[in-house]
Amino acid sequence: MAKRVTGPEIEKLIQLLAKVPGLGPRSARRAALHLVKKKDQLLGPLADAMGQAHAKVRICSRCGNVDTIDPCSVCSDDRRDNSVIIVVEDVSDLWALERASAMNTAYHVLGGTLSPLDGVGPEDLNIKGLVERVAKGGVRELIIAVNATVEGQTTAHYITDQLDGLGVKITRLAHGVPVGGELDYLDEGTLTAALRARTAI
Amino acid sequence: MQWSDQGIIIGVRRHGETSVVAEVMTRDHGRHMGLVRGGRSRTMQPVLQPGNEVEVTWRARLDEHLGEFKLEPVTLRAARLMEAATSVYGVQAMGALLRLLPERDPHPHLYETLGIILENLDDPSDAGELFVRFEIAVLNDLGFGLDLVECAATGARDDLVYVSPKSGRAVSREAGAPYADKMLALPGFLAQGGAADHDSLQAAFRMTAFFLHRHVYEPRGIGLSAARDGFVQAALKALKSRQTAAPL
């Protein structure tokens with residue numbers, strides 16, 4: 001049996017860090033050791049920040065985004081065009097689109113995609129909230145920005161069906177060649193989609 | 001243990017941060033699961049989409065282990081399937097149907113049928129008809145086959161317009177007339193062949209849903225999949241708009 005080299009508090013810290021995406025048991029051990037060594041500069045402030053985030057973080061009742069205020073910073077921003085809503089799978093997708101700064105619009109976070117294998121049905125996603133939001137009026141376009149997977153596109157078609165008759169223009173992201181992508185390395189499906197969605201130069 | 005086979009991806013589930021458990025319908029090894037290491041990589045994700053045809057190599061120390069898949073793409077249809085509602089719902093609905101079959105139980109004809117349907121999912125009339133036949137084939141393989149060739153009462157092979165909800169056998173117009181209100185409608189394209197129209201396809205979906213619910217879903221305490229509902233609505237809607245647009 002391996003001897004214990006640290007107390008239960010540090011062991012618990014390692015165990016919890018190992019649950020963070022990107023960290024395994026070995027890297028969690030390294031991170032914990034680094035935090036313990038920098039107790040005052042890093043461990044204390046990190047613990048404070050985590051405590052504050054835990055106390056204040058909440059899900060936006062309007063769009064499903066994560067923030068410390070409700071409605072979230074995005075929904076309460078008056079400079080945004082609220083007549084256009086971008087529908088995303090997850091908060092990470094919202095953050096990615098915001099990094100791109102391509103559009104200054106409102107968002108709606110679904111919280112996943114329809115997945116029969118994982119038992120995720122329409123009632124598990126924030127689709128009802130989206131329909132209610134659109135039905136209230138004032139929305140002219142809905143951009144469905146879900147992943148280009150079969151599950152993502154099933155969700156997109158399901159949303160389109162649910163919003164049928166509400167008079168909203170529904171669009172989706174284009175599928176095709178990524179910037180820096182080499183045609184030789186792309187799969188046939190992406191190439192076909194890119195050729196079908198070709199544009200005039 | 002090792003084997004290689006042709007297969008069609010029907011589902012993928014995340015496993016850890018980099019791997020996935022793929023569910024593949026294979027020609028000779030039935031519906032089979034396996035771990036795909038690096039399945040969440042940028043190169044593997046396009047391959048691991050439902051509907052894609054792959055060359056599968058499965059390897060495990062013991063037969064009862066989950067085992068590992070090595071997958072080579074053969075036909076990547078997923079991008080095309082994502083274009084239309086019928087195809088995207090259809091591939092999910094067929095995956096849900098195949099999940100009713102026992103794992104690792106070979107059904108080569110269902111594999112062949114699946115491949116043919118996936119090639120024709122863009123066409124709503126073909127897709128709807130093929131999907132109904134696929135549901136009947138799944139019912140048959142589960143031991144609840146429908147006999148739609150001859151009348152259960154008289155043995156006649158003509159004028160079959162009903163299906164008995166009790167036996168799942170066809171009934172002729174004459175023999176079924178006294179019980180018409182209790183009978184299910186037998187769509188013409190299933191009895192005599194020919195193309196399916198909106199009403200006959202709707203009747204066919206109703207008939208297969210009835211038998212699937214009674215024999216399979218109800219005993220297992222589950223309902224028809226949401227993807228099937230989506231497919232049925234999309235196929236009927238597309239067929240109706242096509243019939244409306246067609247010149248008289």
Side-chain angles (χ1 to χ4, degrees), chain A residues 18-25 27 90 112-125 127 144 146-162 164-165 170 172-178 180-182 184-197, chain B residues 9-18 20-23 33 40 42-53 73-99 118 222-234 237:
Chain A
K19 291 180 193 291
V20 175
L23 295 184
S27 42
D90 199 68
T113 50
L114 297 172
S115 172
L117 200 56
D118 294 320
V120 180
E123 64 284 353
D124 301 309
L125 304 177
I127 295 176
I144 303 181
V146 292
N147 290 338
T149 59
V150 170
E151 287 176 352
Q153 297 310 307
T154 308
T155 312
H157 283 291
Y158 182 81
I159 291 170
T160 310
D161 290 345
Q162 297 300 303
D164 194 23
I170 302 174
R172 68 169 190 189
L173 297 186
H175 299 162
V177 183
E182 294 178 35
D184 194 23
Y185 290 96
L186 285 178
D187 66 287
E188 297 93 316
T190 307
L191 281 172
T192 310
L195 275 171
R196 281 186 186 166
Chain B
I9 309 276
I10 57 171
V12 173
R13 187 185 292 164
R14 285 180 181 189
H15 184 83
E17 285 184 41
T18 56
V20 297
V21 173
E23 190 179 27
M33 303 264 217
R40 293 184 65 192
R42 282 186 185 178
T43 47
M44 281 309 290
Q45 271 189 325
V47 178
L48 285 162
Q49 292 300 311
N52 283 342
E53 199 176 322
V74 177
T75 312
L76 300 178
R77 308 186 178 95
R80 187 169 56 82
L81 294 175
M82 289 178 204
E83 294 292 315
T86 47
S87 47
V88 82
Y89 281 130
V91 69
Q92 297 270 40
M94 284 191 291
L97 279 170
L98 291 170
R99 256 166 234 132
L118 288 172
I222 50 176
L224 288 162
S225 68
R228 186 191 188 272
D229 292 343
F231 175 79
V232 169
Q233 281 174 22
K237 190 176 166 185

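Sequence lines set the chain letters: A, B, ... in the order given, protein chains first and strands last, and positions in each chain run from 1. Keep in mind the model is a prediction, meaning the values are calculated, not measured.
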Visitor: For A:Thr192, which atoms come within 4.5 Å of any heavy atom of chain B: side chain, backbone, both, or neither?
Guide: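 For A:Thr192, no heavy atom lies under 4.5 Å from chain B.
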
Visitor: What is the minimum heavy-atom distance between A:Val20 and B:Glu17, and which atoms define it?
Guide: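 Heavy atoms of A:Val20 and B:Glu17 come nearest at O-OE2, 4.1 Å.
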
Visitor: Counting N and O atoms only, with roles assigned by atom type, does the side chain of A:Gln153 sit under 3.5 Å from a partner on the main chain of B:Glu83, one being a donor and the other an acceptor?
Guide: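 Not a single qualifying donor-acceptor pair exists.
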
Visitor: Evaluate the salt bridge (charged side-chain N to carboxylate O under 4.0 Å, His left out) criterion for residues B:Glu53 and B:Arg77: first the C-alpha distance (whole Å), next the side-chain angles of each, then the deciding distance (0.1 Å), finally the verdict.
Guide: CA-CA 8 Å; B:Glu53 199 176 322; B:Arg77 308 186 178 95; 3.1 Å; yes

Visitor: Of the backbone (N, CA, C, O) and the side chain (C-beta and beyond), which part of B:Val12 lies under 4.5 Å from a heavy atom of chain A, both, or neither?
Guide: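 Only the backbone of B:Val12 comes within 4.5 Å of chain A.
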
Visitor: Would a distance-only check, ignoring hydrogens and angles, find a side-chain to backbone donor-acceptor pair under 3.5 Å from B:Gln49 to B:Gln45?
Guide: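 Looks like yes, one N/O pair under 3.5 Å.
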
Visitor: Which one wins on heavy-atom pair count under 4.5 Å against chain A: B:Leu48, B:Leu76, B:Val91, B:Leu81?
Guide: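 Looking at each of B:Leu48, B:Leu76, B:Val91, B:Leu81 in turn, B:Leu76 comes out on top.
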
Visitor: Please flag which part of A:Asn147 lies under 4.5 Å from any non-hydrogen atom of chain B: side chain, backbone, both or neither.
Guide: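 Interface part for A:Asn147: neither.
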
Visitor: Looking only at atom types and distance, does a side-chain atom of B:Tyr89 sit under 3.5 Å from a main-chain N or O of A:Tyr158, one as donor and one as acceptor?
Guide: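 Yes; judged by distance alone, with no hydrogens or angles, the pair exists.
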
Visitor: Let me know if A:Leu114 has heavy atoms under 4.5 Å from chain B in its side chain, its backbone, both or neither.
Guide: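 Contact with chain B is through the backbone of A:Leu114 alone.
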
Visitor: Side chain, backbone, both or neither: which part of B:Ala234 has a heavy atom under 4.5 Å from chain A?
Guide: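 Interface part for B:Ala234: neither.
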
Visitor: Relative to chain A, which segment of B:Ala96 carries a heavy atom at a distance below 4.5 Å: side chain, backbone, both, or neither?
Guide: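 It is neither, since no heavy atom gets under 4.5 Å.
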
Visitor: If I measure from the heavy atoms of chain A, does B:Arg99 come under 4.5 Å with its side chain, its backbone, both, or neither?
Guide: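 Answer is side chain: those atoms of B:Arg99 sit under 4.5 Å from chain A.
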
Visitor: Return yes if some donor-acceptor pair links the side-chain N/O of B:Asp229 with the main-chain N/O of B:Ala226 below 3.5 Å, else return no.
Guide: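 Here the side-chain-to-backbone pair does not exist.
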
